[in-house]
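What follows is a set of notes on a single structure, which appears directly below.
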Amino acid sequence: MKRKTGQDRTITSTWKPATQAIRGGTARSEYGETSEALFLTSGYAYDCAGDAAARFAGEQVGMTYSRLQNPTVEMLEQRIALLEGAEACRSMATGMAAMTAALLCQLQQGDHLVGGRAAFGSCRWLTDTLLPKFGIATTVVDARDPQAFLDAVRPETKVFFFETPANPTMDVVDLAAVCAIARERGIVTVVDNAFATPALQRPMEFGADVVAYSATKMMDGQGRVLAGAVCGTQDWIDNTLLPFTRNTGPTLSAFNAWVVLKGLETLDLRIRRQSENSVKVGTFLEGRVPRVLHPGLASHPQHELAMRQMAAAGPIFAFELDGGREQAHGLLDALALVDISNNIGDSRSLMTHPASTTHASVSVEKRDEMGIDEGMLRLNVGLEDADDVIADLDQALRQVGL
């Protein structure tokens, strides 16, 4: 591959996803390194004052400041855009920085947002607490029902915001139906695709306008760094998102960008193996616990929809116990292999109790509305041998009487 081939979209857009994940976005320096270079610099020097003025005026291509551009970060952004099938991408310091920027960059006082009620706790905080502080009205709906979005639309509705599958209830949203409702009315759809990643689901193919990520999760995939990303059209990224991020500074570090670049090289391999493992583990649990919420299993009420939209079910699912928090915590404490952790997307198997961790800041009433009860546990199935994960769950279940 030549030095600039990886950044030539006329070439890279013809590559298959596996090739894009390895080589997309790569720009080699004059040294000809094979791995992407790590540029640890806050600023850039110019050959003359005129060059500096031209770059700040947008008349000359080049870097000005690492809050705006960095060669390593730019490589990551191009790679994610390629994998997503988007025209452009901007990376962020965290997943929540990505979600916040994707909403605040396009909403203002008097606007209205319709959001899915089943969502990550911090995303519900955005819709329920932060946006109303700025005079932005919000309505949360059961996102499994496209009609609920339509019924909630007002003349001032500007954005639909939802995740699919949803955290942690694994609700699945009909992307084509909801995005069609939005597009017909000039409403922008912002989809949190962190549970699936572009390796399993590309919301833009179903009509989504903006796709946001916690790249901390499957994209890094090894529990190392925090990162986020927002994908959209070049015009939306440049003229809607960029003015917000330029002046608020949710900037991703070059080192974290480099780590995620390395993670993307194995994303497809990891997520497909973890998906296989999660189906095997979920099938085991179906015979042992009252309820399993796994979109890859036929027992999930939206299984067929999930499999139409996704290449595989992903590594994450939830299940419920009848014994409430006491039994759920007892199961966690009995684990010997699986880690108690609120993270997801890791190559290690992780389990958490959402009501007391990821959604602890959400009121009991809202948790009930979302379908999160005290007996729910969320499991991220890793790359260990699935039989070892099952054996650990088996002994832990027996310790809590199951």
- Quick one: which of His294, Arg291, Glu286 gives a side chain to side chain donor-acceptor pair (under 3.5 Å) with Ser299? Glu286
- Query: Hey, is the main chain of Pro243 close enough, under 3.5 Å, to the side chain of Asn247 for a donor-acceptor pair?
  - Reply: yes
- Exceeds 12 heavy-atom contacts within 6.0 angstrom, atom CD of Gln109: no
- Message: Can you confirm whether the side chains of Thr197 and Lys217 place a donor and an acceptor under 3.5 Å from each other?
- Response: no
- Message: Would the distance check show the side chain of Arg124 and the main-chain N or O of Ser361 forming a donor-acceptor pair, the cut-off being under 3.5 Å?
- Response: no
- Task: Start with the C-alpha gap between Cys105 and Thr245, add the side-chain angles, then the distance that decides, and say whether side chain to side chain contact (heavy atoms under 4.5 Å, CB included) holds.
- Result: CA-CA 8 Å; Cys105 74; Thr245 57; over 6 Å; no
- N/O donor-acceptor pair under 3.5 Å between Asn380 side chain and Gly345 backbone: yes
- Query: Any chance the side chains of Asp171 and Thr169 put a donor and an acceptor closer than 3.5 Å?
  - Reply: yes
- Mark yes when over 12 heavy atoms from residues, nucleotides or ligands other than Asp47 sit less than 6.0 Å from its CG; otherwise mark no. no
- Assess the side chains of Thr127 and Arg117: does a donor N or O sit below 3.5 Å from an acceptor N or O? no
- Where do Glu87 and Thr233 land on the side chain to side chain donor-acceptor pair (under 3.5 Å) test, with the steps shown first? CA-CA 5 Å; Glu87 291 181 3; Thr233 65; 4.8 Å; no
- Message: Counting neighbours of CD on Glu326 that are heavy atoms of other residues, nucleotides or ligands and sit closer than 6.0 Å, is the number greater than 12?
- Response: no
- Determine yes or no for a side-chain-to-main-chain donor-acceptor pair under 3.5 angstrom, with Asn193 supplying the side chain and Gln201 the backbone. yes
- Task: Would you check if Ser35 and Trp258 make a side-chain contact, meaning some heavy-atom pair closer than 4.5 Å?
- Result: yes
- Hey, is OH on Tyr46 packed in by over 12 heavy atoms from elsewhere, all under 6.0 Å? yes
- Message: Heavy-atom count check: over 12 atoms from other residues, nucleotides or ligands less than 6.0 Å from Glu304 CD?
- Response: no
- Message: Tell me whether Arg55 at atom CZ has more than 12 heavy atoms from other residues, nucleotides or ligands lying less than 6.0 Å away.
- Response: yes
- Check against side chain to side chain contact (heavy atoms under 4.5 Å, CB included), His353 and His329: CA-CA 7 Å; His353 179 246; His329 278 197; 3.3 Å; yes
- Can a donor-acceptor pair be found between the side chains of Thr26 and Glu36 at a distance below 3.5 Å? yes
- Message: With a sphere of 6.0 Å drawn around CZ of Arg23, does it hold more than 12 non-hydrogen atoms of other residues, nucleotides or ligands?
- Response: no
- What class does the angle between the rings of Phe120 and His359 fall in, given that below 30° is parallel, 30 to 60° is tilted and above 60° is perpendicular? perpendicular
- Query: If you measure only the distance, is there a donor-acceptor pair under 3.5 Å linking the side chains of Gln222 and Ser347?
  - Reply: no
- Given Tyr213 and Glu84, is the side chain to side chain donor-acceptor pair (under 3.5 Å) satisfied, shown in steps? CA-CA 11 Å; Tyr213 286 101; Glu84 191 64 47; 2.4 Å; yes
- Do Pro203 and Phe162 come within less than 4.5 Å of each other through their side chains, counting heavy atoms only? no
- Query: Would Thr266 and Arg270 count as having a side-chain donor-acceptor pair, cut-off 3.5 Å?
  - Reply: yes
- Task: Verify whether one side chain among Thr12 and Gln20 offers a donor that lies under 3.5 Å from an acceptor in the other.
- Result: no
- Please confirm whether the backbone N or O of Gly43 pairs with a side-chain atom of Thr41, one donor and one acceptor, at under 3.5 Å? yes
